[in-house]
Amino acid sequence: MNIEVRELADLGTDARRAFFERDAGVEEVRSDVRDIVERVRREGDAAVREFSSEFDGVQVGNIDVTDAAERAYDEIDDDVREAIEAAAANVREFHEKQVPEDWREEFGDAGSRELGRRYRPLDRVGVYAPGGTAAYPSSVLMGVIPAKVAGVEHVAVTTPPADQMNPVTLAAMHVAGADAVYSVGGAQGIAALAYGTETVKAVQKVVGPGNKWVTAAKAEVRGDVDIDFLAGPSEVLVVADETAEARFVAADLVAQAEHDPNASVVAVTDDADLAEEVVAEVERQASERERTETIEAALEGDASGVLLARSMSEAVLFAEEYAAEHLTIQADDDEALLDRIDSAGSVFLGPYTPVAAGDYASGTNHVLPTGGGAKRQGGLSVDHFVRSTTVQRLDREGLSELSETITTLAEAEGLDAHAQSVRERFEE
Ligand code: HSO
Ligand code: ZN
């Protein structure tokens, strides 16, 4: 592998575009996915079984494997069980802070208008848990716990079938409090959750990361059910100044690179020596890891690299436009730099805050918008699992105060009955 420091100011249009136009790569599978989703919608369990055999090579017995999660919990190693429980406790604690409180307040003269907001959980949601080589028990915690904290009664998890399903992923479902577990993966898993089958109960919202088939299926069912967002390969952007430790910067790049050959991992700094040291460290560390091939593929990608900015201001502008899934700031005045960056999924400050802390155990959620989605939205949270209702009560005085405004606007819209619904209240 041969990485070179590139000067940010010298990047050509195509090179810049590669950094800023990251996408989930779902377009190429959209039409295949549409057919799968349609078949599951029309044929239910039969289609689920057929696709599981075709794509996963598994003849599925029971699609409902809820019991297996509880058994797996008892069977896995004690240290892994304890780690899942420790991570789950932190994720729960952080998400409990997000539960919104109902409120009512008085507005208008002498409180003549009482207005408020009330929150209720969704009834049924589905969480997708990837299987195979990318089976992430941690993602199960990140999907299920916020839903349970929000008060969702039925949280279902779907995960690809296998002759031997990953016991740690199953155990995580149990710890997180999943109410149902189904062995169906890929686009067919998303379709089963969205439309229901004889076995799978249809949900109102589907969340969680997956491969491009899963993501394309989420795009397909959106509209019929709600989704969180379409997430692509992992990303990290490290903004560093001369005080950063090159080893730590490199370790965070290499860590996210091991997720996916299409991961996007970038460091940007105004210090030429640091940039060179990061490159050397990245090359050394990548060769020492178990997943060297994946890491090197990601590092060599067009959306990855070590960039030299002329100033930290230029680095900050890049970070804002990049809108990273994970942004880490390794700099003397990290808070001041952070103040100037509005768009990022999750921010990691200081030398002792590796992205892996948020991936597993600090408590924040690791299901985050990629591909610049952080310009528009935040990561998975309790908010995704509640709906709000506004509530109001006006007294006679309150309505009278507004009467002129309402009737004038109603008449301007040609909606005479609206105006009359106010006047009626004041007629004998
Ligand atoms: N960094 C990944 C989450 C993850 N990391 C799971 C380890 N396991 C999502 O951005
Ligand atoms: Zn990760």
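Start at 1 and go down the list; that is how both ligands and their atoms are numbered.
Heavy-atom neighbours of Glu4 CD from other residues, nucleotides or ligands within 6.0 Å: at or below the threshold of 12.
With values rounded to the nearest 0.5 angstrom, Arg340 atom CZ is found 8.5 Å from Met312 atom CE. Between Thr269 atom OG1 and Leu274 atom CG the span is 4.5 Å, to the nearest 0.5 Å.
Look at His326 and you'll find a heavy atom under 4.0 Å from some atom of ligand 1.
A salt bridge links Arg104 with Glu114: the distance from a Lys NZ or Arg NE/NH1/NH2 to an Asp or Glu carboxylate oxygen falls below 4.0 Å. Note on Lys375 versus Asp342: no salt bridge recorded, every NZ/NE/NH1/NH2 to OD/OE distance being 4.0 Å or above. Taking a cutoff of 4.0 Å between a charged side-chain nitrogen and a carboxylate oxygen, Glu106 and Arg113 do not qualify as a salt bridge.
For atom 4 (C) of ligand 1, the nearest protein heavy atom (residue, atom name, distance) is His259 CE1, 3.5 Å. The nearest protein atom to atom 10 (O) of ligand 1, hydrogens excluded, is given as Glu325 OE2, 2.7 Å; this is a heavy-atom distance. Looking from atom 8 (N) of ligand 1 to the surrounding protein, the closest heavy atom is Ser138 OG, 3.4 Å.
Between the Zn ion (ligand 2) and Asp359 there is an N/O/S contact shorter than 2.8 Å. For residue His366, no N/O/S atom approaches the Zn ion (ligand 2) to within less than 2.8 Å.
In terms of polar-atom proximity, Ser139 is not counted as a contact of ligand 1, lacking any N or O under 3.5 Å from an N or O of the ligand.
Taking a cut-off of under 4.0 Å to the non-hydrogen atoms of Gln256, the atoms of ligand 1 that pass are 1 (N).
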